[in-house]
Amino acid sequence: MKKIAITAIALLSSMSAAAEHQYIDFSRAGHMVIAGPFNVVIPIPENARVGEPEHTTEKFLTETLKVSKAGYFADDQFVMVQVETTNAPAGTLTNENLPTYAIGDRIFRARTLCMDISQEDLEANDAPLLEYVEAYNVQIVPAVRAVELSVTTDDGTGEGSIVYMRNVPGGCDAMTPEFESEFDAAFARFIESIQDRN
């Protein structure tokens with residue numbers, strides 16, 4: 001399970017190369033601004049530490065994948081956002097394999113997981129998303145509880161994802177129903193803040 005979870009999280013990150021796009025930036029007010037295949041503003045809490053946006057371009061044979069990612073870290077929560085586009089044929093990017101996730105009366109495509117993370121996992125340097133989070137001294141050992149929301153463009157050439165994570169102090173096996181309930185409530189408030197802002 002841990003290997004699958006690390007692979008799923010790693011899929012949200014990208015390889016570094018020169019980039020000619022910027023799908024994510026920060027406004028003067030300090031909010032995260034997504035533009036390009038999607039247009040949305042994500043409010044950032046006043047006490048948050050912001051991770052600088054990274055913009056990369058990768059080429060795979062005839063396909064060019066352009067990716068932007070950024071994050072912010074506040075209290076015991078951290079949020080990662082990634083937007084990618086491809087010049088591959090329409091329908092290449094899809095989230096139809098993800099289960100649905102209800103927040104109030106809205107339905108999203110999402111996956112949820114709890115992932116145990118050891119110091120050895122971090123030192124292995126094989127999960128770029130974990131490396132990005134660790135670079136900002138965010139506590140992710142011994143585990144994180146996460147929800148990844150995913151949306152794709154109608155033509156399947158753009159995909160955006162938001163990963164909302166919180167540290168699980170005792171590890172996944174020690175996660176209580178109270179922790180899960182509080183996590184779900186905090187995540188719903190996070191989504192509501194985005195809906196209210198947009």
Side-chain angles (χ1 to χ4, degrees), residues 6 8-58 65-85 103 108 110-113 115 117 119 121-123 125 127-151 158-169 182-198:
I6 288 177
I9 293 269
L11 289 175
L12 302 177
S13 24
S14 60
M15 285 65 77
S16 59
E20 300 173 357
H21 63 282
Q22 291 189 353
Y23 299 137
I24 304 174
D25 205 349
F26 292 96
S27 70
R28 290 185 181 184
H31 300 307
M32 191 181 299
V33 179
I34 317 300
F38 311 101
N39 295 295
V40 67
V41 175
I42 299 177
I44 297 177
E46 289 182 15
N47 63 339
R49 291 179 291 137
V50 175
E52 290 299 315
E54 293 182 3
H55 310 287
T56 59
T57 300
E58 276 298 316
L65 192 65
K66 296 180 178 181
V67 181
S68 291
K69 68 179 173 184
Y72 74 80
F73 315 97
D75 301 323
D76 59 350
Q77 70 185 24
F78 36 111
V79 173
M80 297 291 302
V81 178
Q82 178 166 300
V83 177
E84 63 183 74
T85 59
I103 301 173
F108 298 87
R111 74 179 109 217
T112 62
L113 59 94
M115 179 172 65
I117 304 169
Q119 193 59 43
D121 291 331
L122 296 180
E123 292 169 0
N125 294 325
L129 177 60
L130 297 182
E131 291 176 32
Y132 184 90
V133 172
E134 186 186 23
Y136 289 91
N137 297 316
V138 176
Q139 181 65 39
I140 57 178
V141 173
V144 293
R145 170 85 163 115
V147 177
E148 176 203 355
L149 294 178
S150 175
V151 62
E159 182 175 39
S161 62
I162 299 173
V163 184
Y164 178 92
M165 297 172 271
R166 282 193 152 188
N167 182 248
V168 184
E182 198 280 328
F183 177 93
D184 291 342
F187 179 67
R189 289 191 298 272
F190 165 70
I191 294 300
E192 287 167 9
S193 75
I194 297 174
Q195 293 170 332
D196 290 346
R197 180 62 181 79
N198 292 275

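Numbers here simply count residues along the sequence, with the first being 1. For clarity, every value in this text was computed on a predicted model and none was experimentally measured.
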### Query
How would you list, by chain and number, every residue that makes a side-chain contact (heavy atoms from CB on, under 4.5 Å) with Asp184, sequence neighbours excluded?
Tyr101, Arg145

### Message
I need the Phe73 CZ to Ile44 CD1 distance, nearest 0.5 Å.
### Response
10.5 Å

### Query
If every non-hydrogen atom of Met165 is compared with every non-hydrogen atom of Ala146, which pair is closest and at what distance?
CG-CB, 3.6 Å

### Query
Considering residues at least two apart in sequence or located in another chain, which fulfil the side-chain contact (heavy atoms from CB on, under 4.5 Å) criterion with Pro53?
Phe26, His55, Ala70

#### Entry: Partners meeting side-chain hydrogen bond (donor to acceptor under 3.5 Å, both in side chains) with Gln139 (sequence neighbours left out)
none

### Query
Would you say Asp25's side chain and Met32's backbone share a donor-acceptor pair under 3.5 angstrom?
no

### Task
Write down the atom of Phe38, the atom of Gly160, and the distance for their closest heavy-atom approach.
CE1-N, 3.3 Å

## Note on the structure
Sorted by chain and residue number, the ring-ring contact (aromatic ring centres under 6.0 Å, His included) partners of Phe78 (sequence neighbours excluded) come out as none

### Task
Apply side-chain contact (heavy atoms from CB on, under 4.5 Å) to Val79 and list each qualifying residue two or more places apart in sequence or on a separate chain.
Tyr72, Val81, Ile162, Tyr164, Phe190

### Task
Would you indicate whether Arg49, at its atom CZ, is surrounded by more than 12 heavy atoms from other residues, nucleotides or ligands within a distance under 6.0 Å?
yes

### Query
What distance separates Thr56 OG1 from Lys66 NZ, expressed to the nearest 0.5 Å?
11.0 Å

### Message
Measuring from atom CD1 of Ile42 to atom CD1 of Ile24, what distance do you get when rounded to the nearest 0.5 angstrom?
### Response
7.5 Å

### Query
Roughly how far, to the nearest 0.5 Å, is the CD atom of Glu84 from the OG atom of Ser161?
7.5 Å

### Task
Can you label the angle between the Phe187 ring and the Phe183 ring as parallel, tilted or perpendicular, going by 30° and 60°?
parallel

### Query
Who passes side-chain hydrogen bond (donor to acceptor under 3.5 Å, both in side chains) against Asp196, sequence neighbours left out?
none

### Task
Grab the two heavy atoms, one from Ile194 and one from Val41, that are nearest each other, plus how far apart they are.
CG2-O, 4.0 Å

### Summary
Distance col, row Asn198:CG vs Ile34:CD1, nearest 0.5 angstrom, shows 9.5 Å

### Message
For residues 26-37, which residue pairs pass the side-chain hydrogen bond (donor to acceptor under 3.5 Å, both in side chains) check, not counting sequence neighbours?
### Response
none

#### Entry: side-chain contact (heavy atoms from CB on, under 4.5 Å) involving Glu46 - partner list, sequence neighbours excluded
none

### Query
Can you pull the salt bridge (Lys or Arg N to Asp or Glu O under 4.0 Å) pairs that have at least one residue in residues 158-169, sequence neighbours excluded?
Asp76-Arg166, Arg166-Glu182

### Query
Does any non-hydrogen side-chain atom of Glu58 lie less than 4.5 Å from one of Val67?
no

